[in-house]
Number of protein chains: 2
Amino acid sequence: MNARRPYRREAEEARRAALIEATLDCIAEGGPQAATVRAIALKAGVTPGLIRHYFATKEELVAAAHETLMTRLTEASAARLDELPADPVARLAGFIGNAVTPPVVDARALSLWAASLQLVPRDAAMRAVHEATYLAFRNRLEGMIADALRAAGKPATPARTRRMAIAGNALMDGLWIEASLLPELFESGEMRSIAIHAFARLLDLNLPE
Amino acid sequence: MNARRPYRREAEEARRAALIEATLDCIAEGGPQAATVRAIALKAGVTPGLIRHYFATKEELVAAAHETLMTRLTEASAARLDELPADPVARLAGFIGNAVTPPVVDARALSLWAASLQLVPRDAAMRAVHEATYLAFRNRLEGMIADALRAAGKPATPARTRRMAIAGNALMDGLWIEASLLPELFESGEMRSIAIHAFARLLDLNLPE
DNA sequence: GCTTAAATTATACGCTTGCATAATTGCCAG
DNA sequence: CTGGCAATTATGCAAGCGTATAATTTAAGC
């Protein structure tokens with residue numbers, strides 16, 4: 001059989017996105033070493049040579065995938081801001097609770113995040129992405145903390161809110177990790193409760209659960 | 001040249017340990033995909049075939065390396081317990097501070113930890129190791145929290161200390177991650193201060209910094 | 001010193017990898 | 001409808017991969 005497989009052309013953005021998605025799938029399923037050119041191409045429904053048309057090297061594709069993932073994780077918590085109450089205190093509580101429960105809590109996302117994170121100490125670009133996404137999240141949290149404090153008539157100096165944001169962000173990350181990896185160790189709703197209660201202590205605020 | 005390279009025999013434990021160490025070095029330097037049989041052997045100062053003498057497959061060696069790493073990380077915080085004050089409150093403060101400062105805070109250790117962590121969602125053995133080490137650390141922390149609360153004359157019911165340990169552990173993990181990855185974002189001693197202060201709030205204890 | 005078990009080196013194998021290149025085909029503009 | 005650009009498939013290459021196996025050397029016991 002000499003017949004070529006029929007194909008349809010796609011826009012560049014669609015192709016790049018599909019390749020990036022396929023890469024993330026491969027990594028999630030088999031770790032970084034599973035993201036071979038052939039595996040990615042197969043997952044994306046194209047042939048291996050196509051990757052080199054859209055990305056100079058496989059390494060560039062993998063880097064783009066990691067960057068997409070980190071950005072997406074940061075946005076996951078922001079995606080539902082519209083659904084939160086307008087009241088700053090309740091808004092903050094909702095934000096915190098969402099960050100430690102599904103769908104943000106997710107084993108696959110955690111695995112991908114860890115795969116990206118191991119690159120940070122040795123890849124300058126990945127490190128820059130991590131720093132940017134960390135600061136973006138933390139700053140958003142700090143803003144919400146400041147709003148909640150002010151709404152409760154408590155002091156919200158930048159030095160104070162910064163420290164609260166650093167600690168709060170760390171707490172949320174740590175809870176997110178364990179909730180994603182070992183969900184059966186915790187009762188339903190327990191993580192949300194622990195997170196919100198801990199924040200209430202840190203901020204000396206009465207946060208609704 | 002037909003000359004074989006001269007060699008010395010070593011005890012099995014020493015060989016296995018050297019191979020495991022070499023594996024961790026490879027992963028730390030180049031990620032999971034860099035831990036090839038040849039790279040590991042070279043790093044360990046042996047030839048590739050030796051790996052198969054001590055481990056059935058390369059995969060088994062990599063798994064042993066990850067397990068060693070996770071166990072070692074848990075023990076890193078315990079290693080200096082002897083140096084801490086006997087007073088339960090000061091002891092807890094010291095434990096917390098140490099967990100978020102060097103040498104526990106370390107980019108290489110973080111990178112290796114992340115590499116191990118990405119395996120947890122899909123490798124039953126790795127997951128079991130993670131669960132065991134997580135619970136070991138958390139339980140130790142819980143014990144120290146309980147001791148400190150009692151020393152301060154405060155209630156230390158198991159339900160309460162468990163929640164505190166979950167939150168406290170998460171906080172420490174989160175701070176450890178960012179202190180390891182982005183140290184230049186924080187002032188010297190700042191993480192220790194933030195961690196201890198946050199714990200003081202969580203536990204409603206006066207912890208010495 | 002000699003023998004022997006086994007640790008270790010050296011080499012080979014089939015398969016896989018990222019990348020290169022040529023040919024074909026889809027689709028748009030004229 | 002036709003021609004041409006370029007997206008896409010197909011194929012190939014050199015290097016590297018994990019594993020297998022044979023040969024050599026070390027070192028312990030007698």
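Below, read A as the first sequence line, B as the second, and so on, with proteins coming before strands; counting in each chain starts at 1. Both backbone and side-chain heavy atoms feed into the values below; hydrogens, waters and symmetry mates do not. None of these values were measured; they are calculated from a predicted model.
Looking at B:Arg9, its side chain comes within 3.5 Å of the base of D:dT26 through a donor and an acceptor atom. Counting atom types as modelled, B:Arg38 pairs no side-chain N or O with a base atom of D:dG16 as donor and acceptor under 3.5 Å. Donor-acceptor pairing under 3.5 Å, judged by distance alone, is absent between the side chain of B:Tyr7 and the base of C:dT9. Scanning atom types as modelled, one donor and one acceptor separated by under 3.5 angstrom connect the side chain of B:Arg4 and the base of D:dA23.
Side-chain contact, B:Ser193 with A:Arg163: a donor N or O sits under 3.5 Å from an acceptor N or O. Inspection of the A:His53 and A:Glu12 side chains reveals no N or O donor paired with an N or O acceptor under 3.5 Å.
The distance between atom CG of A:Leu19 and atom C1' of D:dT8, rounded to the nearest whole Å, is 12 Å. The distance from atom CG of A:Leu50 to atom P of C:dT24 is 19 Å, rounded to the nearest whole Å. At whole-Å resolution of the value, CG in A:Leu61 and C1' in C:dC19 are 14 Å apart. Distance, B:Glu13 CD to C:dA7 C1': 14 Å, rounded to whole Å. Taking atom CG of residue B:Leu42 and atom C1' of nucleotide C:dA10, one finds them 15 Å apart after rounding to whole Å. Atoms CD1 (B:Ile51) and P (D:dT19) sit 9 Å apart, rounded to a whole Å. The nearest whole Å value for the distance from the NZ atom in B:Lys58 to the P atom in D:dC17 is 9 Å. Rounding to whole angstrom units, CD of residue B:Gln33 and P of D:dG18 are separated by 12 Å.
Listed pair A:Tyr54 / D:dT8 meets the phosphate criterion, a side-chain N or O lying under 4.0 Å from OP1 or OP2. Listed pair A:Thr47 / D:dA10 fails the phosphate criterion, with no side-chain N or O lying under 4.0 Å from OP1 or OP2. At least one side-chain nitrogen or oxygen of B:His53 sits closer than 4.0 Å to the OP1 or OP2 atom of C:dA7. OP1 or OP2 of D:dT9 lies within a sub-4.0 Å distance of a side-chain N or O belonging to A:Arg5.
DNA chain D is contacted by both B:Pro48 and B:Arg8; B:Pro48 maps to the nucleotide lying nearer its 5′ end (nearest heavy atom per residue).
The residue A:Arg15 sits close only to the backbone: its heavy atoms come under 4.0 Å of sugar-phosphate atoms, none of a base. Residue contacts shown for A:Phe55 are absent, as no nucleic acid heavy atom lies under 4.0 Å away. If you check every strand for non-hydrogen atoms under 4.0 Å, A:Glu10 touches sugar and phosphate atoms only.
For the pair A:His66/A:Met126, a side-chain contact is recorded, criterion being any heavy-atom separation below 4.5 Å from C-beta on.
Just one residue in the list A:Lys43, A:Arg15, A:Arg72 forms a salt bridge (charged side-chain N to carboxylate O under 4.0 Å, His left out) with A:Glu21, and that residue is A:Arg72.
We find the NZ-CG distance between B:Lys58 and B:Leu61 to be 8.5 Å, quoted to the nearest 0.5 Å.
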